[in-house]
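Next up is a structure, given as structure tokens.
A, B, ... follow the sequence lines: proteins, then strands. Residue 1 opens every chain.
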Amino acid sequence: MPELPEVEVVRRGLQDHVVGRTIERAEFYSARVARRHHPGAHHHAEQLADNRVAEARRRGKYLWMVLQTPDGFHQGLITHLGMSGQLLVEAVDAPDEKHLHARFTFDDDGPELRFVDQRTFGGMALSDLDEAGVPEAIEHIAPDPLEAAFDQKAVVAAMKKRHSAVKRALLDQDLVSGIGNIYADEALWRACVHGERLCSALSKPVLGSILDHAREVMLEALGQGGTSFDALYVNVNGASGYFDRSLNAYGQEGRPCRRCGTPIRRESFMNRSSYSCPRCQPRPRVARLATR
DNA sequence: CTTTTCTCCTGTATGC
DNA sequence: TGCATACAGGAGAAAA
């Protein structure tokens, strides 16, 4: 379940193994992987040959390679890993994966780049870049808490105006990007706030502290995700070690809260699971009522 | 306009 | 053993 730290691990893998190389050929094996690229997968593949990978960048859970065409134009090749997407750097003679959707070979005859995705929630698309070098296709995605463009004061103000659950806001990539179900639960646990409390009912300092905790927990995860990185495997499972050792809430149902010992509970929220401490993170006292 | 729900997908785990 | 069902969940479209 790649969220910001896992995607950043992948970006660093691309930085180390792909940036600076020139694509020789791109092949797409399913239209679905390029479904966000409206001209289609065939066009997609055609546009990629002879492009030099100039940079590997990330915003939230989106990753993109800045490609330079032979004419010197720049464009973005966006990748979103979805639930189960992986970018793998592998020897050209390595056997194909069962869910291989795209392959990129390079003119140096070195290892190739593959996009493998079991559940096909992920995808790739080409997009023009804006003045800031961000693909136009993802301009709606808000800056993430780790980038310089992140304006926490503005995000807190926007949250304060929302009449929806605070966890829903944390997961809204148009408000703040990079946070998924795991790190939302972890940030809320650290801040001692139940995810179903309304944004508008929380103080700005509390909203700010939730964002601070989100940033901190993702930075910690990133520190650990880097350690399990394998040179030939641009891993989306950077959090695997992190899962076992450091998660305080997510997936911990029934285990004692590390602050107070109360068993962690699991609740259904937005058709997903939310984990929290019943004592440290009491549910909002008044049931949320639809105002209209 | 804002907010919520639905849908896409398949491997793994669980229940009868 | 086999079959059915639940679950994992990001993001965008559709609905309310």
Rounded distance in Å - CG (A:N271) to C1' (C:dC7): 11 Å
Ring geometry between A:F28 and A:H44 (parallel below 30°, tilted from 30 to 60°, perpendicular above 60°):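 Answer is parallel, since the angle falls under 30°.
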Side chain of A:N181 - closest among C:dG12, B:dC6, C:dG10: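 Nucleotide nearest to A:N181's side chain: C:dG10.
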C:dG10 phosphate, OP1 or OP2, under 4.0 Å from A:Y183 side-chain N/O: no
Whole-Å gap separating C1' (C:dG10) and CG (A:L170):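 Rounded to the whole Å, the gap is 15 Å.
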Whole angstrom value for the distance that separates P of C:dC7 from CE of A:M270: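 So the CE-P distance, A:M270 to C:dC7, works out to 16 Å.
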Residue list, side chain to side chain donor-acceptor pair (under 3.5 Å) with A:H74, at least two apart or on another chain: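 Not a single residue meets the side chain to side chain donor-acceptor pair (under 3.5 Å) criterion with A:H74.
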Helix axis bend for the helix from B:dT2-C:dA16 to B:dC16-C:dG2 - C1'-based end axes, five pairs, 10° rounding: 60°
Main-chain N/O of A:S200 paired to A:K160 side chain as donor or acceptor, under 3.5 Å: yes
Please write out the pairs of protein N or O atoms and N or O atoms of nucleotides 9-11 of chain B separated by less than 3.5 Å, giving the distance to one decimal.
unit_1 : atom_1 : unit_2 : atom_2 : d
B:dG11 : OP1    : A:K98  : NZ     : 3.3
B:dG11 : OP1    : A:H99  : NE2    : 3.0
B:dG11 : O4'    : A:Q118 : OE1    : 3.1

Euclidean distance, atom CG of residue A:D174 to atom P of B:dT4 [Å, nearest integer]: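 Going from A:D174 (CG) to B:dT4 (P), I get 15 Å.
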Hydrophobic cluster identity match, A:V89 and A:L77, side-chain contacts under 4.5 Å: yes
Sugar-phosphate, base or nothing in reach of A:R266, heavy atoms under 4.0 Å: sugar-phosphate
A:R32 side, atom CZ; A:M124 side, atom CE - distance, nearest 0.5 Å: 15.0 Å
